[in-house]
Each structure stands twice: as C-alpha cells, then as structure tokens.
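Accompanying notes for the structure given below.
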Amino acid sequence: MDTLASYDELPYDSLPLPETQPDFLAAVATLHGFDAPDPTQARILELGCASGGNLIPLAWRWPGSECVGVELSRVQAEAGDDFIRHLGLSNIRIVHGDLAALPADLGEFDYIIAHGVFSWVPPAIQRALLDVCRRHLASHGVAYVSFNVTAGWAPLLPLRTALLERTAVDLPAPARFAEARRVLAELEAEWTDPVLLKEIAYLKSAAPSYLFHEYLTEFNMPTRFADFAAQLDDHGLRYVGEVGPRHAVVELEDAWGLIPESMAGRWLDAEAALDEAHAIRFRRALIARADTPCARPPQAEALTRLTFHADLRSDDEIDLDTANEQAFINPAGCAFPVAQPAMKAAAMILSAAYPAALAYPELLASTKHALADYDAAGDVDEAVFRNALFQLVMAHGVMPSVDTMPYVTEPADRPGVHFLARLQATSPGWTVSGARHVALELDEPGRILLGLLDGSRTLDELAVILRNVLTDAGYERTLETVQAMTHRLVWLFARQGLLMEAPGSSAGLQ
C-alpha cells in the first residue's frame, strides 16, 4: 500500500515509552478501581508502532505475550521486521498498513497502544482509531491513546501557523525542516511573547522529527478533553484515567458512598476544568469498553495492591527526623519535593533496589526498619505515608507496577547482557532500552562495550578490547582510563537491568 512520504523521509525516533508499558497501565487501572489483564500473558496491539522500538522490548520481556504492531511507513515497518528476524522473536509481528483498514482476523487485545496518532490524523482516521479500540479490545482490556490538548496548545498555534506559512509545502521533509530552522531564528528576533520564545528555544534543540511532525505536518488538531470524552461515548468506550504525570488530581467533594457510575459525569467535568486551570498540553488517556465496570478518580488506598520502583537521587543530606522539604531527582532532571520523613526513607530504599520493584507491604516494612536503624523520631503513620507515596506516584517520581520480576544487580566475573540490548547497541539507529522501558543515551564507546558483553570476557579483557577500538578510531586513552570507563559502564548496565544471571542461563538471554 502507499505510505506517507514524510514519515519515510523523516521518521519519528522509535523509542521505548515507559508510560505505555502494560504493567504500568495495569497499575494505573488499579488506582482507578479497574482490573486490567495480566500483562505477561497479554495480547498487545500498537497502532503507529514505527520500527518497533517501543513494542519489541515488550515482546522480549514477556515471551508469553503476543504483540502486533501496525505502521503506515513502509520504511519503518520493514526495518522493524528485519530487527525481529535478527532477534529471533516469534511472538511479535509488524503489519505495514493503515489502521483504518486492518486485517479482519486480528482478534481481541488486552492492551492497545496509540501514542502520537490521534491528534496527527484527519477526523476520519480519529474515528477509525476509536473504532479499532471498540472492536478489538477484550472485555477487560484497556487502550492508551495520547493526544494534544486545546488548553495548552492554543497559545502555541501562532508558531505553527507561521512555520506553515513561511516554509514550502512541496519540499521533501528534510529540506522543509531545514527551512523551518531558519524561520525559527527569524521569529525569535521578531517576537516578544515569552511562551512562544520558550517553545522556539526548545524546538531549536528538539529532534528534527518532532519539529516536523508537530509543527509542519498537515494535521495537528488539539482536542478539548470534554470533546474527547464525547467521542469515546459515541464509540462505545469510556475513560478510565490519566496515564501521564499529574501535579493536580481530581478529588470530588460529597462523593462518599457514590458508586463510580454516579460520579462519572462530575469526574469528567472536573478533568476538563483541570486542563483549563493548568493549561494542559498533552494527555495520555486510558480507555476501556463502555460495557466494562466504570472506573473512578484515583484512590490512594489502591496502592496497597501494587509494586513500586524509582530511580532517584538527592544532592541533599537526607534528614529523616524533620518534615523539611528535600528534592529527589530522576535521570531526566525532574525534581520531586518530599517532606515526610518516612517517604524520604522510602525513596532511598526504592532507589537502592532499582530496577527491582517492591510490593507495598515490603516497602512499608523496609521504611519502618530504616527509620529505626537511623534512630529517626516517631512512628510511621501509615495513612500519612500512603498519601505521600500517592502524591509521588501521581507525579511519576515513583512508578507503580504489577511487576515482581527479579533483576541481576551485580556484574559477574565475565559480565553479559541480554541479546536484545547487544543487538540494539550494534544496530545503527536503534535505541537501547533498559529493563524499565527507558531509553538509554549511550555514546559510541558505551554502545561498543555493550555489544561486547556476551559473557565470554572479563572486565580486564573488555577494557583492552575497548581501548584498541578507541585507538583505531583516533581516541588515545590510557589503559587505566579505559578500565575505569569499563567498570563504570558495566555498573550502569547493571542498574538498568540489562545483565544476565549467567551466559546462556535462559533461552531468552543468549
């Protein structure tokens, strides 16, 4: 079939997207009183999957799952198929096709992912996307649908209009992107609006695919949340909850004793009001069939059924005696203020355990023990602790999950990483994905070393090989410097959950 030339000429980066992974979606559903299927045995469909950078790691992680990707760009679909063949996976396939004309025999799916699709297609395809969700969702399945929101996008529309008007529509995508960069410089000199200037500064360093497909593509139609909810209703679907990070959460007054169906209208109205009050720009909606149990606003009490992981650090000396606010920072540089002493201890415990997840009872018990070990004053008020954890979960400082998978956290004498990571590292254009479905930013030495970690070499042998490779590339380094680099990188790979327990210890880790 035909494909869109711009998506072949300037493809989106094909990356793992942490907020789309089904174990996280299942946890979000739980917070909203909705029971989603077991992700480890699920059927997963991704619409607009690019070359599979998001879907392939899910199929690798869960051999008992069945994954199907649909991609309109022939170039990306074929690249994904080729990577899957090299990886040797049999539980995933990528279909080059249009989501409005899917094969009739796809069947039902427990999870459907549509990231970066809804706002960037014409209304007919939007309707087709929701039709796919209604026809192909299993009885208790959930779908992730992201979209641009009118409230946050309205101030930015003059920038999109200017870029569209000042660039030639008939240029190939790379050439039009180059023209847009020139226009950004012109607008930066002409305009004074701080919101637009901030966006221009971001676009100057953003990926070319983001600038092109967000600002130069034919369709980018932000949607009001109320209108999105109405479209769901028209298609026999209903809203389950918000998957993205939240710094304000709906709390309905006088809702005690009401069943979810009775509060649904008030909840949706409150969600729409939040968009306006906070100028929300992007939503990641979790939806389900309308004939499934009605969800409700997120509840802190549901945390007791989940597990949690967090990759955090703090530049402060942590004070476990007083409720003074201290910042915990994730790898993206986002800071999360924490004041409650027990939650500070919990953040330290989760970070030390990362990438493993701790179940709520284990986290609470470990927190109490840590406070006792540090002779911190006072008992742990579980209600206060749970509320503090809830706030961090909503902001995505701590990530909820239903996963209890163990990870190797210390390198062996001959360290090895799983085959997916090695293939990603040695395949140009592919991003290495961590165990928690995060994209790893590695320089060339890091990718070279990762590709060598098949479990057959010691750290000293690896350092010698890496030094020789760098020397051949014109980078002179002492052996001691490369040994230190090797040690640091291997421990980084361990923290990202990439290490094998032993070479060949599992059929999937080879």
Side-chain angles (χ1 to χ4, degrees), residues 3 6-21 44 46-63 65 67-96 113 115-116 173-174 206-210 212-213 331-332 355 415-455 466 469 473 489-490 492-500 508-510:
T3 188
S6 63
Y7 282 90
D8 284 344
E9 295 167 351
L10 199 59
Y12 265 120
D13 294 332
S14 191
L15 305 170
L17 304 166
E19 288 151 353
T20 68
Q21 53 187 327
I44 304 167
E46 183 171 14
L47 304 173
C49 70
S51 55
N54 187 53
L55 190 62
I56 291 171
L58 299 179
W60 172 271
R61 188 197 308 179
W62 297 314
S65 68
C67 300
V68 178
V70 177
E71 175 52 45
L72 186 59
S73 165
R74 183 183 298 276
V75 169
Q76 295 205 73
E78 291 178 350
D81 274 339
D82 184 62
F83 192 88
I84 290 167
R85 282 193 297 272
H86 280 85
L87 199 54
L89 288 179
S90 60
N91 64 332
I92 178 173
R93 62 190 174 105
I94 294 179
V95 177
H96 172 231
I113 301 166
H115 179 78
S209 58
Y210 177 83
F212 185 90
H213 296 295
V417 302
H418 60 65
F419 184 48
L420 170 62
R422 300 204 310 274
L423 187 60
Q424 288 170 328
T426 55
S427 300
W430 283 83
T431 299
V432 177
S433 53
R436 287 300 174 186
H437 213 56
V438 296
L440 274 62
E441 295 185 8
L442 298 175
D443 58 14
E444 193 58 25
R447 294 181 74 93
I448 292 170
L449 178 62
L450 188 53
L452 294 170
L453 291 174
D454 60 3
L466 183 58
V469 170
L489 285 169
V490 168
L492 169 65
F493 302 149
R495 183 159 181 82
Q496 293 303 324
L498 302 183
L499 295 187
M500 297 186 295
L509 304 177
Q510 55 187 347

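Here the structure is a predicted model, which is why all the values come from computation and not from measurement.
Here the closest non-hydrogen pair linking F419 and L87 is CD2-CD1, 3.9 Å. Contact record, Q21 with P18: CG-O, 2.9 Å, taken as the closest heavy-atom pair. Scanning both residues, N91 and P63, for their nearest heavy atoms gives ND2-O, 3.6 Å. In terms of heavy atoms, S14 sits closest to G53 at OG-N, 2.7 Å. When all heavy atoms are compared, the tightest approach of S65 to I44 is CB-CD1, 4.4 Å.
The closest donor-acceptor contact from the side chain of H96 to the backbone of L72 lies under 3.5 Å.
With sequence neighbours excluded, no residue forms a side chain to side chain donor-acceptor pair (under 3.5 Å) with Q496. By the salt bridge (Lys or Arg N to Asp or Glu O under 4.0 Å) test, R495 is found to be paired with D311, residues two or more places apart in sequence or in another chain being considered. In this structure, the side chain to side chain donor-acceptor pair (under 3.5 Å) partners of H115, at least two apart in sequence or on a different chain, are Y144, S146. Take C49 and apply the side chain to side chain contact (heavy atoms under 4.5 Å, CB included) test, not counting sequence neighbours, and it matches E46, E71, I94. Applying the side chain to side chain contact (heavy atoms under 4.5 Å, CB included) rule to I448 yields the partners E444, L452, L466, V469; only residues at least two apart in sequence or on another chain are considered. Listed by chain and number, the residues in a side chain to side chain contact (heavy atoms under 4.5 Å, CB included) with A473 are Y475 (sequence neighbours excluded). Partners of R93 by salt bridge (Lys or Arg N to Asp or Glu O under 4.0 Å), not counting sequence neighbours: none found.
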L449 vs V490, test: side-chain contact (heavy atoms from CB on, under 4.5 Å). Steps then yes/no. CA-CA 8 Å; L449 178 62; V490 168; 4.3 Å; yes
L442 vs L492, test: side-chain contact (heavy atoms from CB on, under 4.5 Å). Steps then yes/no. CA-CA 10 Å; L442 298 175; L492 169 65; 4.1 Å; yes
If you apply the rule side-chain contact (heavy atoms from CB on, under 4.5 Å), what do you find for L440 with L450, and how did you get there? CA-CA 11 Å; L440 274 62; L450 188 53; 5.7 Å; no
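By the 4.5 Å heavy-atom criterion applied to side chains, F83 and L420 are counted as neighbours. Inter-residue side-chain proximity for L58 and I113 is flagged as met; some heavy-atom pair is nearer than 4.5 Å. Between M500 and L453, the closest side-chain pair of non-hydrogen atoms is not below 4.5 Å.
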Solution key, residues 426-435 side-chain donor-acceptor pairs under 3.5 Å, sequence neighbours excluded:
unit_1 : atom_1 : unit_2 : atom_2 : d
T426   : OG1    : R422   : O      : 2.8
T426   : OG1    : L423   : O      : 3.4
S427   : OG     : L423   : O      : 2.6
S433   : OG     : Q424   : NE2    : 3.1

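Note that CG of L89 is 6.5 Å distant from CH2 of W60, once rounded to the nearest 0.5 Å. Rounded to the nearest 0.5 Å, atoms CG (D81) and CZ (R74) are 11.0 Å apart.
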